[in-house]
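These numbers come from a predicted model, not from an experiment. These values consider heavy atoms only, across backbone and side chains, with no hydrogens, waters or symmetry-generated copies.
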Amino acid sequence: MAEPRERTFIMVKPDGVQRGLVGQIMERFEKKGFKLVGLKFVWPSEELLQKHYSDLASRPFFPGLVKYMSSGPVVPMVWEGLNVVKTGRQMLGATNPADSLPGTIRGDLCIEVGRNIIHGSDSVDSANKEINLWFTEKELVGWTPAAEKWVYE
């Protein structure tokens with residue numbers, strides 16, 4: 001693959017974990033051809049979530065968001081591939097599931113914005129920040145899938 005690869009941060013939120021949707025969500029990224037390079041199952045602290053959502057700290061819903069996101073385990077992941085940030089956001093659908101098209105993760109699997117099951121980085125810079133917040137370099141695995149030559153020219 002001649003084009004540079006990028007990485008994105010995707011996190012299944014507590015509602016997605018509780019509903020048993022982690023496997024379905026991972027399957028969509030795998031079927032698309034993206035490569036999983038990092039995965040955890042964690043119960044995040046409020047402190048970590050305050051750092052993660054620091055850009056929303058001035059919003060009135062921020063305290064409720066942090067409380068909700070720390071209410072159960074989450075599954076943070078790092079996916080790699082060509083245009084994975086932009087494509088990943090398209091796969092997620094709109095933040096409000098009511099605005100998400102059928103075929104997107106949110107369009108198919110959820111109903112309310114407060115329980116929209118998944119987070120995805122909105123830019124390469126955000127992805128790098130989020131990846132560094134949730135993962136150490138040793139936790140990210142560089143590898144080449146056997147099918148890579150069938151995904152990329």
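- To the nearest 0.5 Å, atom CG of residue Asp125 and atom CD of residue Glu130 are 11.0 Å apart.
- Scanning both residues, Pro44 and Gly72, for their nearest heavy atoms gives CD-O, 3.6 Å.
- Two residues are said to be in side-chain contact when any heavy atoms from C-beta on lie closer than 4.5 Å; Lys129 and Phe9 fail this criterion.
- Closest non-hydrogen pair, Gly114 versus Tyr68, comes out as O-CE2, 4.2 Å.
- A single hydrophobic cluster is not seen to contain both Ile131 and Val75; linkage of ILVMFWY side chains at heavy-atom distances under 4.5 Å, directly or through other members, places them apart.
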>> As a quick check of understanding, evaluate side chain to side chain contact (heavy atoms under 4.5 Å, CB included) for Val74 and Val42, giving each step before the final call.
In response: CA-CA 6 Å; Val74 298; Val42 299; 3.9 Å; yes

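- Contact record, Leu49 with Val66: CD1-O, 3.9 Å, taken as the closest heavy-atom pair.
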> Would Met77 and Val12 count as a side chain to side chain contact (heavy atoms under 4.5 Å, CB included) if you check the C-alpha gap in whole Å, the side-chain angles of each, and the deciding distance to 0.1 Å?
Replying inline: CA-CA 8 Å; Met77 299 176 270; Val12 181; 3.7 Å; yes

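- Nearest heavy atom pair, residue Gly120 against residue Leu92, reads N-CD2, 3.4 Å.
- Considering only heavy atoms from C-beta on, Met69 comes within 4.5 Å of Met11 through its side chain.
- Under the 4.5 Å side-chain criterion, counting only non-hydrogen atoms from C-beta, Pro97 is not in contact with Glu112.
- Pairs passing the side chain to side chain donor-acceptor pair (under 3.5 Å) check and including a residue from residues 72-81, sequence neighbours excluded, read Arg7-Glu80, Lys35-Glu80.
- Side-chain contact between Phe34 and Thr87 is present, with heavy atoms from C-beta onward closer than 4.5 Å.
- Between Gly81 and Tyr152, the shortest heavy-atom contact is CA-OH, 3.2 Å.
- By the 6.0 Å contact criterion, CD1 on Ile111 is open, its count of non-hydrogen atoms from other residues, nucleotides or ligands being 12 or less.
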> Checking side chain to side chain contact (heavy atoms under 4.5 Å, CB included) for the pair Val22/Val17: CA distance, chi angles, key distance, verdict?
Replying inline: CA-CA 6 Å; Val22 175; Val17 172; 4.1 Å; yes

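- To the nearest 0.5 Å, atom CG of residue Asn128 and atom OG of residue Ser123 are 8.5 Å apart.
- Both Leu82 and Met91 belong to a common hydrophobic cluster when Ile, Leu, Val, Met, Phe, Trp and Tyr are linked at side-chain heavy-atom distances under 4.5 angstrom.
- Pairing each heavy atom of Ser121 with each of Thr8, the nearest pair is CB-OG1, 3.5 Å.
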> What do the steps show when you test Leu109 against Ile118 for side chain to side chain contact (heavy atoms under 4.5 Å, CB included), and what is the final call?
Replying inline: CA-CA 10 Å; Leu109 302 176; Ile118 194 163; over 6 Å; no

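- Taking the salt bridge (Lys or Arg N to Asp or Glu O under 4.0 Å) definition, one finds that Asp108 meets it with Arg28, sequence neighbours left out.
- Here the straight-line distance linking atom OG of Ser71 with atom CD of Glu46 works out to 10.0 Å at 0.5 Å rounding.
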Do any side-chain atoms of residues 134-146 form donor-acceptor pairs under 3.5 angstrom with protein atoms, and if so which ones, sequence neighbours left out?
{"residue": "Trp134", "atom": "NE1", "partner": "His52", "partner atom": "ND1", "Å": "3.0"}
{"residue": "Thr136", "atom": "OG1", "partner": "Glu139", "partner atom": "N", "Å": "3.4"}
{"residue": "Thr136", "atom": "OG1", "partner": "Glu139", "partner atom": "OE1", "Å": "3.3"}
{"residue": "Glu139", "atom": "OE1", "partner": "Lys40", "partner atom": "NZ", "Å": "3.1"}
{"residue": "Glu139", "atom": "OE1", "partner": "Thr136", "partner atom": "N", "Å": "2.7"}
{"residue": "Glu139", "atom": "OE2", "partner": "Lys40", "partner atom": "NZ", "Å": "3.3"}
{"residue": "Trp143", "atom": "NE1", "partner": "Leu36", "partner atom": "O", "Å": "2.9"}

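- Rounding to the nearest 0.5 Å gives a distance of 13.5 Å between CG of Leu21 and NZ of Lys13.
- Here Lys86 contributes atom NZ and Arg89 contributes atom CZ; the two are 13.0 Å apart, rounded to the nearest 0.5 Å.
- Criterion: ILVMFWY side-chain heavy atoms under 4.5 Å apart, direct or through other members. Under it, Val78 and Met26 are not part of a common hydrophobic cluster.
- Looking only at side-chain heavy atoms (C-beta outward), Arg106 and Thr95 come within less than 4.5 Å of each other.
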